[in-house]
Amino acid sequence: MNTSSVNQSKLISPISSSLDLILPQLPNYPFTEVERINGGKNSQVYRLTSHTRAQFALKIYFQHKAEQRNRLKTEFLSLKFLKDQGIKAVPKPYLKNESQGWSLYEYISGEPIRDFQVTSQDITTLVDFLLQLKNLSKHPASHDLNLASEAQLSIQGIIDNIKNRLNKLLEIPKDTIENKLLNQFLQDDLVPFLSELIVWCQPCLKEKLMDFSNEIVLEQRTLSPSDYGFHNALRQDNGELVFLDFEYFGWDDPAKMISDFLLHPARMIDFSLKQQFFSEILAGFSENKTLSTRVKIVYPLFGIKWCLILLNEFIPEQLLRRGFADINPIDKRERQAQQLAKAKQMLTQIKGDYEQFPYYY
Ligand SMILES: Nc1ncnc2c1ncn2[C@@H]1O[C@H](COP(=O)(O)OP(=O)(O)O)[C@@H](O)[C@H]1O
Ligand SMILES: [Mg+2]
C-alpha cells in the first residue's frame with residue numbers, strides 16, 4: 001500500500017498522529033511499502049518496508065480520555081527491560097514518541113496462532129516464557145517497573161474490584177428489557193454467589209495461614225504480561241513463538257496470571273492443554289507453597305470478574321469507548337443479550353467447578 005492511500009481519517013484520536021507526520025521522523029525513511037496490519041480499538045500497527053527491504057513495526061496508540069495508564073510507555077519500557085535482560089521471544093523496541101503517541105519496534109514475521117492450533121509444545125514454551133519473567137523479577141532493575149494493569153495483590157482487592165464493577169452495573173436504570181434481565185441476573189445469581197464465595201474461601205485461607213486483606217509479599221509477586229496468551233503471539237517460519245502486546249505488563253499476583261489464562265472467555269484452548277499449563281506453571285513456582293491454594297481461591301473470583309467484564313456492554317461509557325456510540329438500538333440489544341448469555345454461561349461453569357478446582361491432574 002502506498003502511504004497516501006492509507007485512510008487517515010481513522011487515525012484521529014487524542015494523542016495519535018498521522019502517518020505523514022510520523023514517517024519522515026523515522027530512520028530508513030522513505031519507505032517503499034506501508035501496510036496496515038492491524039487496526040484495533042487501542043492501536044493501529046503498520047509494517048514499514050525500507051528500500052533495503054528492512055522491516056519495522058510502527059504502533060500508533062489511542063489514548064482514551066479517562067484512561068490513567070500510559071500504555072505506550074509501559075509497553076516500550078517493558079520490552080526494553082526484557083530485551084536488556086536477554087529475553088529472545090519479544091520484539092526489540094527502537095524508538096518512541098509519547099507526545100505523538102507512537103513507537104517503532106522490530107517487525108516479527110510470523111503467523112497468528114488460532115486456539116485449535118495450539119500444541120502441547122506451545123504450552124511449554126508459554127510457561128517457559130512466564131518463568132523467565134518470574135526469574136527476572138529477582139533482577140534489581142525490575143523494581144522500577146510498575147504494577148500490571150488491574151493487578152490485584154490481596155483477596156480483598158479482588159473483591160473490591162468486583163464490587164466496583166458490580167455497582168456500576170447495578171446502577172443502570174431498569175428501563176429496557178435487557179437492563180431488567182441484567183439486573184435480575186446480578187441480584188438473583190451473581191450477588192448471592194459472590195457472598196457464598198466470600199464465606200467459602202475463609203477456611204481455605206485459614207488452613208494455609210493466608211491473609212484475606214494483606215497484599216502478597218514482594219517475593220511472591222511476579223512480572224506478568226497481563227493480556228497474554230496465543231492471541232498475542234506469532235509463530236515464526238522456524239516454528240518459534242514471539243510474544244507481543246506488553247501494554248499492561250508489570251508486577252502481579254501469579255495466581256491472577258494463572259487464573260486469567262484458564263478463564264479467558266474468548267480463548268478456546270483444549271481442557272487438557274489448560275491442565276498441562278496449570279501443572280507446568282505450578283512446577284515452575286514450586287517454592288511458593290501456597291500458590292495452588294491461592295489459585296483455587298481466586299479462580300472463581302476472577303470467574304465472576306470475567307462475567308462482569310462481559311457485561312461491560314451494558315455500561316453507556318463503555319459502549320462509547322468501544323466505538324459503539326451510534327450503534328443501532330436493535331444491534332445494541334442483540335449484543336447485550338449475547339453478552340448476558342455468555343456471562344450466565346460463565347457463572348454456571350464457575351458455580352459447577354469451583355469446589356473441585358478442575359485443572360488438577
Ligand atoms: N512487532 C510486531 N511485528 C509484527 N506484527 C506485529 C508487531 N506488533 C504487533 N503486530 C501485529 O499487530 C497486532 C496487534 O498488536 P498488539 O501489540 O497486540 O496491539 P493491540 O493492543 O492492538 O492488541 C498483533 O496481533 C500482530 O498481528
Ligand atoms: Mg493484542
Side-chain angles (χ1 to χ4, degrees), residues 1 6 10-17 19 22-23 26-28 31 33-50 53-64 67-83 87-98 101-115 117-118 122 126 129 133 148-150 224-250 257 260-261 264-267 269 309 312 321-323:
M1 193 192 323
V6 172
K10 294 227 172 98
L11 293 175
I12 310 292
S13 83
I15 62 156
S16 77
S17 311
L19 284 176
I22 301 169
L23 296 182
L26 304 181
N28 293 284
F31 298 96
E33 252 184 279
V34 176
E35 173 138 32
R36 182 153 146 195
I37 48 179
N38 159 272
K41 292 177 289 267
N42 285 328
S43 67
Q44 292 185 345
V45 182
Y46 293 85
R47 181 180 64 201
L48 313 178
T49 309
S50 77
R53 308 301 298 162
Q55 295 190 312
F56 306 89
L58 171 69
K59 188 163 174 181
I60 305 180
Y61 299 73
F62 292 177
Q63 187 81 35
H64 301 283
E67 202 171 16
Q68 304 287 318
R69 274 183 91 81
N70 184 337
R71 287 179 284 105
L72 182 163
K73 196 171 166 190
T74 302
E75 177 155 58
F76 192 91
L77 295 181
S78 305
L79 286 171
K80 182 164 179 343
F81 167 77
L82 296 177
K83 275 292 167 199
I87 300 287
K88 290 210 176 72
V90 296
K92 251 188 230 124
Y94 292 132
L95 275 179
K96 72 171 161 61
N97 185 322
E98 286 179 46
W102 56 264
S103 307
L104 190 71
Y105 298 102
E106 172 188 6
Y107 178 77
I108 305 298
S109 170
E111 289 295 315
I113 304 154
R114 310 271 167 240
D115 289 341
Q117 297 169 322
V118 173
D122 293 336
L126 176 65
F129 176 63
L133 300 184
S149 170
E150 295 258 321
S224 165
S226 242
D227 183 13
Y228 73 98
F230 299 100
H231 63 296
N232 273 327
L234 292 171
R235 193 189 303 283
Q236 294 177 296
D237 287 346
N238 62 7
E240 285 179 14
L241 301 188
V242 176
F243 298 99
L244 305 171
D245 212 345
F246 290 79
E247 295 174 26
Y248 303 107
F249 182 90
M257 181 180 81
D260 277 346
F261 181 81
H264 200 303
R267 310 272 101 80
I269 308 276
I309 292 172
N312 271 342
R321 193 184 147 164
R322 286 154 187 244

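We count ligands from 1, going down the list as the structure has it; atoms in each ligand are counted the same way. Fair warning: this is a prediction, and the values are worked out from it, not measured in the lab.
- Around atom 24 (C) of ligand 1, the closest heavy atom drawn from I37, D245, L244 belongs to L244.
- F243 pairs in a side-chain contact (heavy atoms from CB on, under 4.5 Å) with only one of the listed residues (L82, L234, L126, N232), which is L126.
- Between Q44 and Y61, the side chains place no donor N or O within less than 3.5 Å of an acceptor N or O (distance only, hydrogens not considered).
- Coordination check, N232 versus the Mg ion (ligand 2): passed, since an N/O/S atom of the residue sits under 2.8 Å.
- For ligand 1, none of its N or O atoms has an N or O atom of L234 under 3.5 Å away.
- Residue Y105 has no N or O atom closer than 3.5 Å to an N or O atom of ligand 1.
- Looking at Y107 next to ligand 1, no N or O pair under 3.5 Å apart turns up.
- No side-chain heavy atom of K83 sits under 4.5 Å from any side-chain heavy atom of I87.
- Taking each of R36, R47, K59 in turn, the one with a heavy atom nearest to atom 19 (O) of ligand 1 proves to be K59.
- The nearest N/O/S atom of D245 to the Mg ion (ligand 2) is OD2.
- Every N/O-N/O distance between E75 and ligand 1 stays at or above 3.5 Å.
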Derivation of the side-chain contact (heavy atoms from CB on, under 4.5 Å) call for L241 and D122: CA-CA 8 Å; L241 301 188; D122 293 336; 4.0 Å; yes
Apply salt bridge (charged side-chain N to carboxylate O under 4.0 Å, His left out) to K96 and E98, showing your working. CA-CA 6 Å; K96 72 171 161 61; E98 286 179 46; 3.0 Å; yes
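- An N or O contact shorter than 3.5 Å is missing between N42 and ligand 1 by distance.
- Checked by distance only, ligand 1 and N232 come closer than 3.5 Å through their nitrogen or oxygen atoms.
- A heavy-atom distance below 4.5 Å is not found between the side chains of E106 and F56.
- The heavy-atom pair separating N38 from S43 by the smallest distance is OD1-O, 3.4 Å.
- The ligand atoms of ligand 1 that sit less than 4.0 angstrom from a heavy atom of A57 are 1 (N), 2 (C), 3 (N).
- Counting heavy atoms closer than 4.0 Å to ligand 1, residue V45 contributes side-chain atoms (C-beta onward) but none from N, CA, C or O.
- Set against the non-hydrogen atoms of S43, the atoms of ligand 1 under 4.0 Å away are 19 (O), 20 (P), 21 (O), 22 (O).
- With contacts defined as side-chain heavy-atom distances shorter than 4.5 Å, the pair L79/Y105 qualifies.
- Each of L19, I22, V34 was scored for a side-chain contact (heavy atoms from CB on, under 4.5 Å) with L48, with one residue passing: V34.
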